[in-house]
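Lettering follows sequence order; numbering is per chain, from 1. All values below were derived from every heavy atom in this structure, side-chain atoms included, with hydrogens, water molecules and symmetry-related copies excluded.
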There are 2 protein chains.
Amino acid sequence: MRWEELDRQPCSLARSLSIVGDRWTLLVLRECFLRVRRFEEFEQRLGIARHVLADRLKKLTDAGVLEKVPYQERPRREEYRLTEKGLDLYPVMLSLLDWGDKWMAEPEGPPVLRRHKACGHVVHAVHTCSECGEVLGARDMTVEIGPGAKGGELPPAATAEGNPSK
Amino acid sequence: MRWEELDRQPCSLARSLSIVGDRWTLLVLRECFLRVRRFEEFEQRLGIARHVLADRLKKLTDAGVLEKVPYQERPRREEYRLTEKGLDLYPVMLSLLDWGDKWMAEPEGPPVLRRHKACGHVVHAVHTCSECGEVLGARDMTVEIGPGAKGGELPPAATAEGNPSK
DNA sequence: TTCTATCGGTTCCGAAACGGAACCGACATG
DNA sequence: CATGTCGGTTCCGTTTCGGAACCGATAGAA
């Protein structure tokens with residue numbers, strides 16, 4: 001499979017990866033969530049090669065995850081901001097973060113703790129069902145053909161998306 | 001920054017990416033959640049180059065995300081299975097899946113629907129607070145130094161992990 | 001006016017990673 | 001003993017990456 005074919009596969013995971021399934025892209029997005037917005041600052045904080053950064057920012061902008069907003073004229077300079085589509089990636093970041101906290105941290109614990117403003121506790125995220133509110137585990141769902149399926153049957157990759165009862 | 005330095009950074013997101021922040025790795029893991037376990041089957045379903053597949057399976061095994069389990073002797077053959085650490089990546093997959101469903105699907109809708117066995121509804125995942133159960137948004141948390149921090153201060157990347165009040 | 005600095009890139013080079021195809025080793029089967 | 005299966009490894013040509021230099025528009029200082 002070629003990498004460019006990914007965004008045409010009938011699998012939402014593959015399509016997501018066509019945008020964020022890249023070494024640098026998620027680190028760039030981490031900085032975006034930190035409110036880093038300028039080329040220079042991305043470069044300094046990440047130590048990324050400039051042309052790779054330019055390429056990733058362009059791809060993210062083309063994908064509608066970031067948008068260029070002018071912050072000065074003469075000389076015209078633009079900064080990169082998360083769009084709504086980009087902000088919606090927050091759960092992805094949070095999932096990766098929680099997994100890293102649990103499995104990749106030093107013996108003493110994670111480097112950073114997150115405290116929920118509303119309840120005051122140190123927290124992590126729990127995936128729950130959008131309809132009934134129960135915790136969603138890896139084997140709690142069945143899959144079925146969606147309206148965007150091609151050929152009227154589950155794509156080979158489909159069952160991976162919710163795990164079959166098999 | 002070199003790629004090998006990622007797993008030593010004081011940032012759980014970076015550390016997670018040192019394992020799953022790769023083009024092919026998450027697609028291999030998608031197949032794992034689909035209960036694909038054998039070299040041949042990964043290769044056929046993904047169309048991945050064999051030596052790249054061998055490399056990814058080795059890295060995932062070394063990282064403790066997969067484990068090799070013999071399924072026959074003479075000739076000895078082994079298959080790859082998700083460990084507990086690997087199964088814990090399910091929220092990551094689900095987040096990417098939901099984002100793809102929302103932002104990358106065809107106009108008609110996503111290719112696959114997931115139905116919650118418990119409540120019977122077509123669902124997506126919602127991130128909620130592990131302590132109070134409320135929905136967690138991108139700006140609902142503050143960050144503070146964790147026990148695994150180095151140097152007694154928030155790493156530069158830290159605030160990205162929960163977003164500062166700034 | 002020229003000199004230097006800033007910001008957001010682009011260009012170029014050598015090294016690393018990738019796609020594709022061939023090959024290999026340990027067996028089993030016909 | 002020829003062929004097939006499975007899980008790799010090796011090799012080669014192309015793509016991508018890291019690192020450094022360069023560029024274009026402009027501002028401010030000398």
Problem - Same apolar cluster: B:Leu87 and B:Leu89, side chain cutoff 4.5 Å - result: yes

So which protein N/O to nucleotides 7-11 of chain D N/O distances come out below 3.5 Å?
| unit_1 | atom_1 | unit_2 | atom_2 | d |
| --- | --- | --- | --- | --- |
| D:dG7 | OP1 | B:Tyr71 | OH | 2.8 |
| D:dG7 | OP2 | B:Glu40 | N | 3.3 |
| D:dG7 | N7 | B:Arg50 | NH2 | 2.7 |
| D:dG8 | OP2 | B:Tyr80 | OH | 2.6 |
| D:dG8 | N7 | B:Arg50 | NE | 2.9 |
| D:dG8 | N7 | B:Arg50 | NH2 | 2.4 |
| D:dG8 | O6 | B:Arg50 | NE | 3.1 |

Completion exercise
From CZ of A:Arg56 across to P of D:dG18 the rounded distance in Å is 8 Å

Problem - Contact summary for B:Arg115 and B:Val122, nearest pair of heavy atoms - result: NH2-CG2, 3.6 Å

Exercise for the section: Please state how far atom CD in A:Gln72 lies from atom C1' in C:dC7, giving the value in whole angstrom units. Expected result: 8 Å

Exercise for the section: Using only side-chain N and O atoms of A:Trp24, determine if any of them is under 4.0 Å from OP1 or OP2 of D:dT16. Expected result: no

Practice task
Return the value, rounded to whole Å, for the distance between atom CG of A:Leu53 and atom C1' of D:dC17.
Solution key: 13 Å

Fill in the blank from the handout: Comparing nearest nucleotides in DNA chain D, the 5'-proximal residue of the pair B:Arg23, B:Pro75 is B:Pro75

Exercise for the section: Write down the distance between CD (A:Gln44) and P (C:dT6), rounded to a whole number of angstrom. Expected result: 10 Å

Handout entry: Nearest-0.5 Å distance that lies between atom CD in B:Glu40 and atom CZ in B:Arg38
Key = 10.5 Å

Exercise for the section: Find the distance A:Glu73:CD to C:dC7:P and express it as a whole number of Å. Expected result: 17 Å

Problem - side-chain N/O B:Arg74 vs C:dG25 OP1/OP2, d < 4.0 Å - result: no

Exercise for the section: Determine, for A:Tyr71 and A:Arg37, whether the Lys NZ or Arg CZ falls below 6.0 Å from the six-membered ring centre while staying within 45 degrees of the axis. Expected result: no

Exercise for the section: Mind listing the closest non-hydrogen atom pair of B:Lys85 and B:Gly64 along with its distance? Expected result: CB-O, 3.5 Å

Handout entry: From B:Leu34 atom CG to B:Leu29 atom CG, the distance as rounded to the nearest 0.5 Å
Key = 12.0 Å

